[in-house]
Amino acid sequence: MSDGRTFVRPSALDGTALLRWGRVCLAGLERRREEINALNVFPIADSDTGTNMLATMRAAMQAADAAVVSAHSYRAPGSAVSAHDVASAMARGATLGARGNSGIILSQVLRGIAEAVHGGPLTGRTLREALARASALVREGLSVPVEGTILTVLDCAAGCAAACSNPALAEVAVAAADGAAEALGATPSQLGVLREAGVVDAGARGLVVLLDSLVSVTLGETPARPEYVRGEIGGSGVDVPDVAEPGPHFEVMYVLTETDERQVIRLRAALAELGDSVVVVGDGGGSWSAHVHCADAGAAVEAGLVAGTLSDIRIESFAITAQVGHTHADIAAGVDGVAHALAPAAHAGLVADTVGHRGVVPDDGVARDRAVVRDGGVARDGAVVRDDGARHAAIDVRGGLNARGEPADRGVLAVAAGAGAAALFEAAGAVVLGGDGPVTSAALLAAIRRLPNREVLVLPNGALPAHELVAVGVAARDAQRDVLLLPSGSMVQGLAALAVHDRGRIAVDDAFAMSEAAAATRWGSLRAATGRALTMVGTCESGDGLGLVGHDVVVIDRDVRTAGLTLLDRMLGFGGDLVTLLMGRSAPAGLADELTTHIVEGFPGIEVTVYSGGQQGDLVQIGVE
């Protein structure tokens, strides 16, 4: 070791050591991310395999760290966290947070480890079992296995580990890593698209990083590997078209629960009929992650709805620059069925059509494990009240520097209705696209293009349906600009997301943190019915108070105030630490005080923040964090 101390090779890795391995993996994937991205030509040349694997591993480690904290709360002081506890949490976190095809496959490597260490630590024997199990899980999850990819390299790693004559953990790890590296070098000879581009398989390169990290933890030194450069591996080094047929293509991913093996098999077959690169895998605990590249994103979502309960739906559009004949309307048509698939029908004229776009998680009304606290105003009986619409410093936007020590060239665009709401977003550092009328996709696209920033994060705040957001995102992105649309289905979610915005992080990390904050904010609204309508909880009459959670009407009452109080009871019945009330232009006098008093008296300990939003339509927007 560099400090002169003798490295003692561990005979086994317990939970703490697996956490250390995970952190070494993160560092390795971070170092190699750009290299891996540059190798990415299969199945889609979108240069994000390194980023996807890094994001997936981060999700795994966040889940593992949370599991350790939870375990320490009920274990005896000094007791160790088991390898199975840590590995299971990593597998679950990776499955739920998987990004891209490579991320889903990475999750199965972690699941293989979790299953192998069920009865003890990771040893040479259980590492062999883990790799063999991971290889089987990946082949089982793929609809059409393709050789010359991470699949082949994982097979080779498992085979070399099994053939290793030395049973020591470090020796088995070295055999697996060296076998994977050798198989990685052979991938261009197995897959024509790699050979033509002069690259090795990107996902397989990421797998070698994971195995080399295991060698580092068990042997005390990291294997020396070459930097794989595009065009230096044989072949022409030119880009190869990644699809043969014309038309828009989408990457669709979602998490599936409340299902079984039979339904998963049917889903895998259904997705295979719609497109390619189909992977449907589980975490071993009842959650599944599905991935497909297809032309009809709506049909892919509908197939998932048939199989079980969906969450974390993400749709990325692959814009094929050679196809200049396609208009943005053509592109949007490819996901026209998504809103219909997700909508629970029109409830009092309201349609739920929020869909994630490029790594973005849609609001599903479910509480997550993140609370973002803002303070301001004057404390009164445990409540924090702000009745003015003035600009404020309650939402902290940190500056920060990028990796070069320079401010990140990143802007945030937020859609806001109402003068007070617009002032809140502006005070928090966002550029606002406002107005009381409906926002069009053309207006949003024009606003994005007006921003001078290289990176743009967009908070749509429920202003546009899913297919229009997808079309805007496709049209806004080009070689000079990255545009990420975040999952804010309401202004209160947008404010929660903006509260954790940090230009000091890389864009994908900043977007991920903001998306988490938005998703962790349950939101609802109080409205007055404008006419007679049928809702999921009955028929409302003109003037009735309607309480909505997300886009769904859950409360109808002849009295608007009573509807608001009942809505609060429904929303706070699931818990919460902070309630944000964004008051609308037509909110009845005294309604803010009445709602605040109801929270303070009925739900002690919950903080309340009241802002004057000035929006039309919603008498109140409610956010619960």
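- Listed by chain and number, the residues in a side chain to side chain donor-acceptor pair (under 3.5 Å) with Glu129 are Arg125 (sequence neighbours excluded).
- With Asp296 contributing its side chain and Ala299 its backbone, the two residues share a donor-acceptor pair below 3.5 Å.
- Of all non-hydrogen atoms in Ala303 and Tyr254, the two that sit nearest each other are C-OH, 4.3 Å.
- In this structure, Gln190 contributes its side chain and Thr149 its backbone to no donor-acceptor pair below 3.5 Å.
- At distances below 3.5 Å, not a single donor-acceptor pair connects side-chain atoms of Asp201 with backbone N or O atoms of Thr187.
- Listed by first and then second residue, the salt bridge (Lys or Arg N to Asp or Glu O under 4.0 Å) pairs involving residues 104-118 are Arg111-Glu115, Glu115-Arg133 (not counting sequence neighbours).
- Here the options are Asp509, Asp482, Asp510, the test is salt bridge (charged side-chain N to carboxylate O under 4.0 Å, His left out), and the partner is Arg410; only Asp510 passes.
- At least one donor-acceptor pair closer than 3.5 Å links the side chain of Asp283 to the backbone N or O of Gly285.
- Legend: side-chain hydrogen bond (donor to acceptor under 3.5 Å, both in side chains) pairs involving residues 255-274, not counting sequence neighbours, sorted by first then second residue: Glu258-Thr309.
- Looking at His291, its side chain never comes within 3.5 Å of a backbone N or O of Ile104 through a donor-acceptor pair.
- The backbone N or O of Gly50 lies less than 3.5 Å from a partner atom in the side chain of Asn37, making a donor-acceptor pair.
- A donor-acceptor distance shorter than 3.5 angstrom exists from the side chain of Gln493 to the backbone of Ala518, with no hydrogens or angles considered.
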